[in-house]
Amino acid sequence: MKGQVPQAIVDPILKEAAALAKVDREQLVIARAESVVWNDGSLGCPEPGMIYTQALVNGYWVVIDAAGQKYDFRVDSRGNFRLCPPGQGHPPSQDGTK
């Protein structure tokens, strides 16, 4: 599962998760790291009142476990990521594995 997301994308996400959880990076566990296709520009995590492109978006889904707390990151193909609040996200349209 881990090998599908480039390290250049995983590294800043791990740094962000460590800062959010206030733990050392070594304490983080990658619970999910995979190439996916999102249904639209919201990356499966729409914010109320926002408008998104209505096209499939290649990207990544990275979930970090920090001392039992899950951090759900949604990533586009350029490596831009954002944290999806618990209970707000939707799974991708399909996974990127063939």
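Note that the coordinates shown come from a computational prediction; the quantities given were computed from them, not determined experimentally.
R32 places no side-chain N or O within 3.5 Å of a backbone atom of D72 that could act as its donor or acceptor partner. In terms of modelled atom types and a separation under 3.5 Å, the side chain of Q69 and the main chain of A66 share no donor-acceptor contact. No side-chain donor-acceptor contact under 3.5 Å links D24 to the backbone of E26. Under a 3.5 Å cut-off, the side chain of E47 and the backbone N or O of C45 do not form any donor-acceptor pair. Distance alone, capped at 3.5 Å, is enough to place a donor-acceptor pair between the R74 side chain and the G44 backbone. Side chain of Q4 to backbone of A33: no donor-acceptor contact under 3.5 angstrom is found.
To the nearest 0.5 Å, atom OH of residue Y52 and atom CG of residue D40 are 8.0 Å apart. Here the straight-line distance linking atom CG of N39 with atom OG1 of T53 works out to 11.0 Å at 0.5 Å rounding.
Taken together through direct or relayed side-chain contacts under 4.5 Å among Ile, Leu, Val, Met, Phe, Trp and Tyr, V5 and L83 form part of one hydrophobic cluster. Side-chain heavy atoms closer than 4.5 Å link hydrophobic residues (I, L, V, M, F, W, Y) into clusters, and following such links, even through other members, never connects V29 to L14.
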- Report the C-alpha distance between I64 and I30 in whole Å, list the side-chain angles of each, state the deciding distance to 0.1 Å, and finish with yes or no for side-chain contact (heavy atoms from CB on, under 4.5 Å). CA-CA 5 Å; I64 306 297; I30 298 172; 3.9 Å; yes

- Test side-chain contact (heavy atoms from CB on, under 4.5 Å) on V75 and V36 and set out the steps. CA-CA 9 Å; V75 191; V36 297; over 6 Å; no

- Before giving the answer on side-chain contact (heavy atoms from CB on, under 4.5 Å), spell out for F73 and Y60 the whole-Å C-alpha distance, their side-chain angles and the decisive distance to 0.1 Å. CA-CA 8 Å; F73 289 94; Y60 305 97; over 6 Å; no

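Using a cutoff of 4.0 Å between basic side-chain nitrogens and carboxylate oxygens, D11 and R25 are scored as salt-bridged.
The shortest heavy-atom contact between V23 and Q27 is CB-OE1, 3.5 Å. The shortest non-hydrogen separation linking W61 to P92 is CZ3-CD, 3.1 Å.
Within the 4.5 Å cutoff, side-chain heavy atoms of H90 are placed close to those of P46. Contact annotation: the side chain of Y71 approaches that of L20 to within less than 4.5 Å [non-hydrogen atoms, C-beta and beyond].
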